[in-house]
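Presented below is the structure to which this report refers.
In what follows, chains carry the letters A, B, and so on, assigned in the order in which the sequence lines appear, proteins first and then strands, with residues in each chain numbered from 1.
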Amino acid sequence: MSESTTESVPSIEVTGVSILLDVVTKRFPGQEKPAVAGLTMEIPAGKIVMLVGPSGCGKTTTLKMINRLIEPSEGKIVVGGNDVTGMNGDELRRGIGYVIQAGGLFPHMTVATNIGIVPKMLGWDKARIAARVDELLELVSLDPALYRDRYPNELSGGQQQRVGVARALAADPPVLLMDEPFGAVDPITRLRLQDELLSIQEELQKTIVCVTHDFDEAVKLGDWIAIFNEGAQLVQYDTPERILAEPANEFVEDFIGSGAGLKQLTLTRVAEVGLGEAVVGKPGERAADVLSRAETAGHGHAVIVDERDRPIQWLSLRQLERLETITNVPDPKLPVVGYRATLNDALDTMLVSSAGAALVTGRRDMFKGVINVKTIMDAITKAQGAAAVQSANAPVGLNTGVFQAAAAATTGEPAQP
Amino acid sequence: MSESTTESVPSIEVTGVSILLDVVTKRFPGQEKPAVAGLTMEIPAGKIVMLVGPSGCGKTTTLKMINRLIEPSEGKIVVGGNDVTGMNGDELRRGIGYVIQAGGLFPHMTVATNIGIVPKMLGWDKARIAARVDELLELVSLDPALYRDRYPNELSGGQQQRVGVARALAADPPVLLMDEPFGAVDPITRLRLQDELLSIQEELQKTIVCVTHDFDEAVKLGDWIAIFNEGAQLVQYDTPERILAEPANEFVEDFIGSGAGLKQLTLTRVAEVGLGEAVVGKPGERAADVLSRAETAGHGHAVIVDERDRPIQWLSLRQLERLETITNVPDPKLPVVGYRATLNDALDTMLVSSAGAALVTGRRDMFKGVINVKTIMDAITKAQGAAAVQSANAPVGLNTGVFQAAAAATTGEPAQP
Amino acid sequence: GCGLQPATAFVPALGPGSITPVSGVDGAELTVTSKNYTEQLILGKIAVLAASAAGFTVNDLSNVPGSQPARELILSGQADLLWEYTGTAWLTYMGQTTAIPDQQEQWQAVYDIDINNGLTWGAPAPMNNTYALGVRSEAVAELGGITTMSELAALPVEDRTFCVEAEFNSRPDGLNPMLEHYGLTRGAADGVPDENVGIYDTGAIYSATDSGACNFGEVFTTDGRIDALDLSVLEDDLGFFPAYNVAPVFFTETLTQYPELMDVFAQISPSLTNEVLRSLNRKVDVDGEEPAYVAFEWMKSEGFITDPA
Amino acid sequence: MLDFLGNRFDQILFSSWQHFSLVVQCLLLATLLAVVLAALVYRSKSLSAVANSVSAIGLTIPSFAFIGLLIAPIGFGVLPAVIVVTFFATLPVLRNAVVGLSGVSPAIVESARGIGMSRFRTLLQVELPIAWPVILTGVRVSAQMVMGIAAISAYALGPGLGGFIFSGLSRLGGANSLESVLTGVIGVIVLALILDLLLVGLGRLTTPRGIRV
Amino acid sequence: MARTRWLAWRGLVFQLAGILAAFLALVVWLLTAKLTPTELNTLAPDALWGYTVEHLQLTLLAAVIVLALAIPVGILLTRRPLRRFTGPILALANVGQAAPAVGVVVLLAFWLGFGFWAATVGLVLYAVLPVLRNTMVGLQQVDPRLVEAGRGMGMSATAVLFKVELPLAVPVMLSGIRTALVLLVGTAALATFINGGGLGILITTGVNLNLTVVLVTGAVLVALLALLIDWVGRVVEHVARPKGI
Ligand SMILES: Nc1ncnc2c1ncn2[C@@H]1O[C@H](COP(=O)(O)OP(=O)(O)OP(=O)(O)O)[C@@H](O)[C@H]1O
Ligand SMILES: Nc1ncnc2c1ncn2[C@@H]1O[C@H](COP(=O)(O)OP(=O)(O)OP(=O)(O)O)[C@@H](O)[C@H]1O
Ligand SMILES: C[N+](C)(C)CC(=O)O
Ligand SMILES: [Mg+2]
Ligand SMILES: [Mg+2]
């Protein structure tokens, strides 16, 4: 595996390698239908690919064939350019990170031992293992001094999950496989862990294949989402945006569930849409001056910012008329969103504000502009338009074998480059 | 209990009775702080009151004191005008419905036996019990012939919950207590069960006290919501609308969580807001006629309805220009919402439709008008204005005792009539 | 209660023979006890059958492990009847040290003492079941053709190995005094060291001796296996063991209530000769029959009882 | 062997029945005792722990030693056997009854109370029926165990098949002694199987469909 | 955490204290009782010690054989190729368990002759099942996800067995071993019926000769020995239980 990490990939930071499932089939003994039927699927290096689908559709089987915890019955699997179908399974797995529910931590080993287990198998010396353990604990936001020597049952579910991720990353594998990694933690922790995974990924750029049954999670984490039906039949393999905007068929629509529109809002950030201009005033200015500037610009409101450009009031023309000078008392109910917020957050803020719009702040809470419902509607329309055009570098994904006929019949056609 | 059901209450259909907690305190042995501290709370007859608050704040304790599963340490409890603090607890409970998670069904008894158990204790004869069981099963939408003789483990979680409700209603008690009744079922079933509870309540008009940890559920089900803090300190006791619009303090705001605006949208139905007019055409008409009508009205679109007035197309002026005659081919992507849908649903539909508006249909899917983002924003603003005025018949709710000072300090003031 | 009876309580159904129901008994309860080796089991069953034929409802408490417990049962009145040996009573229970050579006098002696203990001895049988040491015949030559117990002392220490039962191991007429009598000290390195003594169940000694687990097995002279396994019996040439005539012992209170019991057993005792017992024992130990059936057949053949009507 | 069985058919039948009867009667008694005890302790954590320790430690006492100890004050016969068998039969049932009763979901107990059942009624109508399969498992464990203990109790003249084993032992080397022991051993195993089947059947009959696993 | 650990230790301390107290009571009773010469003879301290040593020898030798036999077989039976025999073997063993111990011991005497070895084999047969069963149950109850996690990070099947499965199975296995040892102590008392030695002789002698003191001493010593072994087992379980579970 170690050589393959140096495979030539577009960006230098990407440490992940690509994976190719090449017409892979898995038939379990005594099972009539194959669990995975002639699946061909490309997983691009350095990306997060989410596998979703109804229970029993073959997600886990697909995932486990990549590290050969399950041996494929037919077909071959190529990781980082090397066909791994023939190599020693144990060695293969030492080079691939694997995370399961609740981390799959060994309860009889401390956090440090758990994390250090693969490096130990690889023959690292003690000092190096210890250093690596601490580094990884930092990476997953756990204080090494505090957590190194704890046992898994002395950690919360979320902390266990983090240690699980740290363990999977121990030997710096180019590929990470995750099977419903956040299935066992409460919704709030889950959101935090997802954010953390995204930020870790931003730094490490591994290739991550992740099974989930939560479509929202797939939308949030995935660069690409593969929607499976029974027999690991690839119903749609596309970006979250396109799946939301252009579900391939009714099966996918049902899978997305209600609220696709609101879900799309979570995909775009305020920073990505065009903000409205605003007339800006400062405390101490004469209200009349500000009023006239607003009237000239044809605006109904003016934004008052403090000395650091942070918005403190949002005054209507009527309010300005009644004022002498602008005060510096901040309005606690000011509808403010950060520019990293999603459109969903922005819409919510607007609704409560009753102004039908919200103020956007950037770094150090500096005022950046105004966002209103119109902006959001436009952004959505544009996103949908963009999604209608399929991206050129979409990875391959199709099925052959017994399911192919059925797939073609029900799916229209599977995504193809 | 039975006499108290005839208590004179405003409307004849209301079979529920009012409940009064009169400066009730509960101190558990070995516990420093009281679990419920001097709580006074009125629960109006025939209404649904939701108790929410952080874990361990005393919701369950408050609820269980009403049927004396937990004996209050101090204070008295009046149900339907009778002080029940002194009466035999078992008898009291036979006259109060009680529903907990997963129905709390007895696994070793059939559905019929479970439901009939209170009537049996009350000495009803067999025929009457059997008839009542069937009546109740119908009420909760379960076919008696199919479900009467099943055991709880042969039912889905949602069905179990319904049987639990049926059992609680068996002896036609005026009061129903529910402790996180829908906590154990999946989100979709949960929504259905909530709707069902609302429709049962519409018919029966019981007094329902319901504990939940899901604020959205409280908003959906409650006529009144009581928000507790530690020690069953009543932080706010008000209608859902007012709590969303005017949270009493930061604690309540945090509790509502993000998305208060979107939550408010769920409180209003499309039927309750003013819809926009639309130019209507029929298949077979000349497109130019419809176009000219639309231009006259100053509209950008025209709605095409079929012979039963159901919308089938929504054409822009440009589309009309290009047409000869109007066809009768329905557009599968038409953004349609029913008039019983919430504004939240409407907004979602609009977002996906990319038209920034949606068509509203009434009974038998007949076209009723157009709803757009502006309408929604206006509705919200109006609702917030209305909520700012406190209703005159708000029930009493306050705390005395050790928590009072703290309450006053952090809460502003508790709701008072 | 509840229909439960002791382990070996089974007896075949029977009809009256020369023993006929005693008037006034009418199914009154009578408890018979016995010790737990073959001869006692057969005798116990004989007593049970006789008492049944006499019209008693018999509670069969035979097969008690050991002489002392059996004695205890009858002394305390928990049992009403027990076949006991004169020598055993004299030396073991009554703590006497020298036996009386004349068998009738010996009987009289124990009768006289026990009558004060609330027990009444019935007529003794001719049979005399004394202890003896058995050697497997193949080994006699290796042991210098040993025939008498006085020759024991001449054997090398490692050849002085014994198989005994727990009871004999610690009885006043048992192993240690016996060895003493023949000039050997139990537990001494130059006598009979402890490891030379194996403790076995009463009935297990014969096959243990035969298989060579030890050279000398403690045997009962009326046991059928002495012949069957071809064991040679050492002569008690210095006369250590007394006479052990068997006799029915009654709990006096019961006997006063049903004096006819004495006559019933007086019918039986004279028939119990050494030969009879040896053949009966043999049927059980060698031929593998059940004591209950053996007793039944014998009683029938003697005419005491008949098959059930 | 067949001869042996044929010749003593009525005796074997008698002893088997005695053995079976002893075990079943003692099991009934033990179950009653254990359930009553469990009902007294299961609400208290510490009392439950005590009951569990008693059960665990009681089971370490060798049955043969216990029989020996009983012979001294009680003597021979049926009574010591009944005491020993009942004692050992009670322990697993007690443990399971405590586990079963405290394993009843508090939600179910609460809802029983919540619909107006009294404590006793809740115990009788809700908790015991729900705990019953667990209790019955305990009874099965007991049954298997005391089958063997009943055999040892024949040393104190207890009823049953143990007599065959001990008389086989006392006639060891003689004809039919092996048969006798085998009869005792196999008879006990067969009885244990039969009783187990009966208990399984009883379980089927007495466990409502709703709590079958 | 710390509290439950202390509670467990407290239980152990109580148990040991109870055993010691009972033993002291026995000694005091023996010292003050009026003993007949036979009783004195049988209960002489070195005789008692001898019986106890014999009893322990029987128990421990049988235990060692049982462990050496049952643990490897138990492990093998949970490995994939042999897994299908698990059910039948357990069923067979369960039937065997109903066999009365006295009977088994006596039958072995028929086969192997009287003495120590017959007794040992009988004991082994009798105690093999709990260890075998607990070894299998212990291994089977290891969360399959942990095995998968181990395999998933590249441990070989053997490494997973020794580093993950066995350590996690230890508590269950130990409790089986403790049960077996306690059974062995009790069953070894039956060895006396076939001249296998041990403390059982005190019971039979006590009964046969109606020597209540001997009988009680024997019975109490066997019971105390069983409790002591149980205690040792518990201590070992406590100490050997992997931290973190
Ligand atoms: N070891 C196995 N032996 C036999 N069949 C198996 C095995 N593992 C999985 N299967 C079958 O293969 C199919 C796919 O299983 P898989 O575990 O991959 O589903 P999944 O998509 O991960 O489902 P879930 O969401 O429930 O985890 C199922 O029908 C399952 O029953
Ligand atoms: N039986 C009891 N004995 C002692 N303390 C109790 C008991 N029941 C509840 N408490 C304590 O009383 C307080 C209130 O508990 P209660 O169960 O009413 O909370 P809750 O609001 O229902 O919480 P949750 O949302 O977790 O159900 C808690 O601090 C709890 O620990
Ligand atoms: C009859 N014997 C003397 C052999 C033994 C006994 O006293 O029981
Ligand atoms: Mg899966
Ligand atoms: Mg609660």
Side-chain angles (χ1 to χ4, degrees), chain A residues 1 60 63-64 66-71 87-111 113-122 149-155 160 163-164 167-171 173 175-181 183-184, chain E residues 1-8 71 75 78-84 86-87 134-135 137-175 236-245:
Chain A
M1 280 312 300
T60 297
L63 190 80
K64 286 193 192 166
I66 297 176
N67 66 1
R68 301 238 328 279
L69 272 178
I70 293 178
E71 295 287 347
M87 76 179 282
N88 177 307
D90 290 333
E91 266 167 46
L92 170 69
R93 287 187 282 273
R94 267 170 235 163
I96 296 182
Y98 185 56
V99 186
I100 58 179
Q101 256 193 25
L105 297 184
F106 300 134
H108 58 303
M109 299 179 184
T110 62
V111 164
T113 321
N114 261 293
I115 297 179
I117 204 161
V118 176
K120 199 171 152 208
M121 282 193 284
L122 292 175
D149 294 323
R150 293 220 188 157
Y151 283 92
N153 65 358
E154 296 162 344
L155 302 179
Q160 287 180 19
V163 175
R167 185 175 67 177
L169 290 171
V175 172
L176 219 56
L177 307 180
M178 313 181 104
D179 196 350
E180 309 206 10
Chain E
M1 220 33 228
R3 189 174 153 71
T4 53
R5 199 162 283 167
W6 159 237
L7 280 180
I71 292 181
I75 291 174
T78 53
R79 298 304 98 182
R80 184 160 287 127
L82 293 179
R83 218 172 274 170
R84 58 213 155 100
T86 307
N134 279 50
T135 304
V137 170
L139 287 172
Q140 281 165 350
Q141 51 91 55
V142 172
D143 186 346
R145 286 180 315 174
L146 294 179
V147 176
E148 190 191 301
R151 299 287 283 150
M153 64 176 65
M155 290 179 164
S156 66
T158 323
V160 171
L161 173 64
F162 283 99
K163 285 195 182 154
V164 180
E165 293 181 86
L166 281 178
L168 292 177
V170 155
V172 180
M173 285 167 65
L174 278 180
S175 93
V236 171
E237 264 178 56
H238 208 70
V239 173
R241 170 179 301 260
K243 269 191 215 145
I245 53 178

query: Between E/L166 and E/M173, is any pair of side-chain heavy atoms under 4.5 Å apart?
result: yes
- line: When the 4.5 angstrom heavy-atom criterion is applied to A/P107 and chain E, the contacting part is both
message: Quick one about A/T60 and A/D179 (side-chain donor to acceptor, distance below 3.5 Å, no hydrogens or angles considered), yes or no?
response: yes
message: Using modelled atom types and a 3.5 Å cut-off, is there a donor and acceptor pairing between side-chain atoms of E/R83 and backbone atoms of E/T78?
response: yes
- prompt: Given that the side chain runs from C-beta out, which part of A/L105 has a heavy atom under 4.5 Å from chain E: side chain, backbone, both or neither?
  reply: backbone
query: Between the side chain of E/R151 and the main-chain N/O of E/M155, is any donor-acceptor distance below 3.5 Å?
result: yes
task: Between chain E and each of A/G89, A/G164, A/G104, A/G97, count heavy-atom pairs under 4.5 Å; write down the option with the most.
output: A/G104
Segment of E/L168 engaging chain A (4.5 angstrom heavy-atom cut-off): side chain
message: Let me confirm one number: the CD1-CZ distance from A/I117 to A/R94, rounded to the nearest 0.5 Å.
response: 11.0 Å
message: Please classify the contact between A/R68 and chain E as side chain, backbone, both or neither, with a heavy-atom cut-off of under 4.5 Å.
response: neither
- line: With chain A, the option among E/G152, E/A149, E/A159 that has the most non-hydrogen atom pairs under 4.5 Å is E/G152
